Amino acid sequence: MSEPSSNSQKRSSSSLIDVRLKKLEELVEAGIQPYASGFSPDIHSAELKSKYSGISETEEISDVVRLAGRIMAIRILGKASFMRVHDVSGDFQIYLGRDIVGPEEYNRFKKLDIGDIVGVTGTPFKTKTGEITVLVKELILLTKSIRPLPEKWHGLSDVEIRYRQRYLDLMVNQTSREIVVTRSRIVSYLRNFLATRGFLEVETPMMQTIPGGATARPFETYHHALSRQLYLRIAPELYLKRLLVGGFDKVFEINRNFRNEGISTQHNPEFTMLEFYQAYRTYEDLIKLTEEMLSNLALEIVGSYKLPYGDREVDLTPPWPRITVKESLIENGALKPHEIEDRNAVFIKAMEMGISVNKSDSLGKLLMAVFDEVVETNLWGPIFVHQYPVEVSPLARRNEEDPTATDRFELYICGREMANAFTELTDPVDQRNRFEEQVRARQAGDEEAHFLDEDFLRALEYGMPPAAGEGLGIDRLVMLLTNAQSIREVILFPHMRPEKGLE
RNA sequence: GGGCCGUUAACUCAGGGGUAGAGUAUCUGCCUUUUAAGCAGAGAGUCGCUGGUUCGAUCCCAGCACGGCCUACCA
């Protein structure tokens, strides 16, 4: 699309590339296929090392092993050479001797570059320094690399390049690879945990005509054939509940949500959410399930309930404490017990604290504004904050004793919201009233207020069994378990502005 | 969206109003057990972009681009 000169590939880099392109030409002229196929390794580096760790230095092993990987270091010592090769399980060393492969082949090997992918066939032996090494009988070039890799001491640390060219980051940074593997293990564990408890994994629409289930600004798109506006989903909640109406009593979905909001170390426009719903249960049951699921997950992934996070530690040994929103506000000293039910008193307090609030805000919204400002970041946790105000919980069931509160909790770990759950509102009349309240808020300018979903109300009118549901942010959970300080470290290809010259 | 900081060789980084330095990588030569191999030599840069100030800018100033951190909204 753009001319080579406007490409991000700078001139000097292209001179290094030119050297390699010349080598590539020479290979082709010599009749060598620089992008070969058909070589199958029969062992990985980790297995090689463990299998032959017991051999002695002088021992000659007749086993022939086949390995493949990317050359990461080359040490030429005249008529013999060592190379370090990376494969998926780690790295291994190969030994090339001129007297073994012959002078012609040996000279060809000396022209290999760091970054080239090779297949080797040979026998294992132990070097003077005790490293299991492959004595190469045959080496074939599988892929010629024409771009230089980052240097061997410091590797690649420029975060912009690490995120934009994740393939390069994964090639040279082991911790980046480990996070990918850990994330996969976490998702598998959660899937298995729920599946063994009878939950059914489902997929619901990513493109929705009415974006529902959360308070957030949606991304908009357009369907030409239907001539209508569509939204990328902000949550799967209303669809999963429709499945409860339909008769499934335990369902879950692990998938992407999209929210048209700011980007930060805690936020990516698309993020992964686990949502699960269970009929004939309450949020009390979800508290127990969450404790069990996440504490066992920590044992599985980290090997302990106690996790290092930043320069602190968080202890996931169950059970975890609980506190109501109102209790937390009083305990924190933000509000006095007599003020907590008094909208005007809370409004004045919020103003005094410099929190941006509106005259029209309900008591519940004001309480949450104060909570977000002064309580939330101090909740190192793990802790369940529960009994959220009804005005900010339009899909949650009212508490039996306190109709201004809902049977809802949010789980906080390391000062961050990890999960949000509640006993579901199943009363179609109450649900309609709450939606209408949201519509009024939207008309008053609240871009994040819920849309009214008439079909969802129709489903509730047929009757949804009593149920409880929860949403759990997977990216933040992976951050917690990998001690990552930025969400971009746990998302393979995080959102970035387009790179100049490559659009 | 706001504030602060950054952008110099392919990579990691120094430097600083008089047209640029190191290590790694690359290239050449020597070297048969190295593993940050070693020794000798060489090449490599529009100092993010665009303007301004100046005899002269990579350095000072402004704007822009991209990124990072904090902050705001949210999960």
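Labels below follow one simple rule: chain letters A, B, ... track the order of the sequence lines, proteins then strands, and each chain is numbered from 1. Note that this is a predicted model, so its numbers are computed, not measured.
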Distance between C1' atoms of B:C61 and B:U53 (Å, rounded): 7 Å
Do A:Tyr283 and A:Thr406 have side-chain atoms, one donor and one acceptor, less than 3.5 Å apart? no
Give a yes/no verdict on a cation-pi contact between A:Arg166 and A:Phe493, requiring under 6.0 Å between NZ or CZ and the six-membered ring centre and an angle within 45° of the axis. no
Distance between C1' atoms of B:G3 and B:C59 (Å, rounded): 25 Å
Could you give the distance separating B:A62 and B:G68 at their C1' atoms, to the nearest angstrom? 23 Å
Classify the side-chain pair A:Gln174/A:Glu178 by whether it contains a donor and acceptor separated by less than 3.5 Å. yes
Which of residues 82-106 of chain A sit near RNA chain B, with a heavy atom under 4.0 Å from it? A:Phe82, A:Arg84, A:Gln93, A:Tyr95, A:Asp99
If I pick the P atom on B:G21 and the same atom on B:A44, what distance separates them, to the nearest angstrom? 13 Å
Could you check whether A:Phe219 and A:Phe258 have their ring centres less than 6.0 Å apart? no
Can you tell me how far C1' in B:C55 sits from the matching atom in B:G15, rounded to whole Å? 24 Å
Residue pair A:Thr204, A:Glu253: steps toward the side chain to side chain donor-acceptor pair (under 3.5 Å) verdict: CA-CA 8 Å; A:Thr204 64; A:Glu253 178 165 8; 2.6 Å; yes
Every stem of 3 or more Watson-Crick or G-U pairs under 3.5 Å that RNA chain B joins, in order of first number, is B:1-7 with B:65-71, B:10-13 with B:21-24, B:26-30 with B:38-42, B:48-52 with B:60-64
Expressed in whole Å, how much space separates the P atoms belonging to B:G45 and B:U33? 37 Å
When the P atoms of B:A14 and B:G2 are considered, how many whole Å apart are they? 29 Å
Does a side-chain heavy-atom distance below 4.5 Å link A:Thr272 with A:Arg183? yes
Could you go through the salt bridge (Lys or Arg N to Asp or Glu O under 4.0 Å) check for A:Lys22 and A:Glu26 one step at a time? CA-CA 6 Å; A:Lys22 196 159 166 278; A:Glu26 288 166 5; 3.5 Å; yes
Under 3.5 Å, is there any donor-acceptor pair linking the side chain of A:Glu160 to the base of B:G68? no
Does A:Thr127 get its side chain close enough to the base of B:U34, under 3.5 Å, for a donor-acceptor pair? yes
Determine the Euclidean distance between corresponding P atoms of B:U12 and B:C73; express it in Å to zero decimal places. 35 Å
Between B:C11, B:C69, B:A37, which nucleotide has the shortest distance from any of its atoms to the side chain of A:Ile161? B:C11
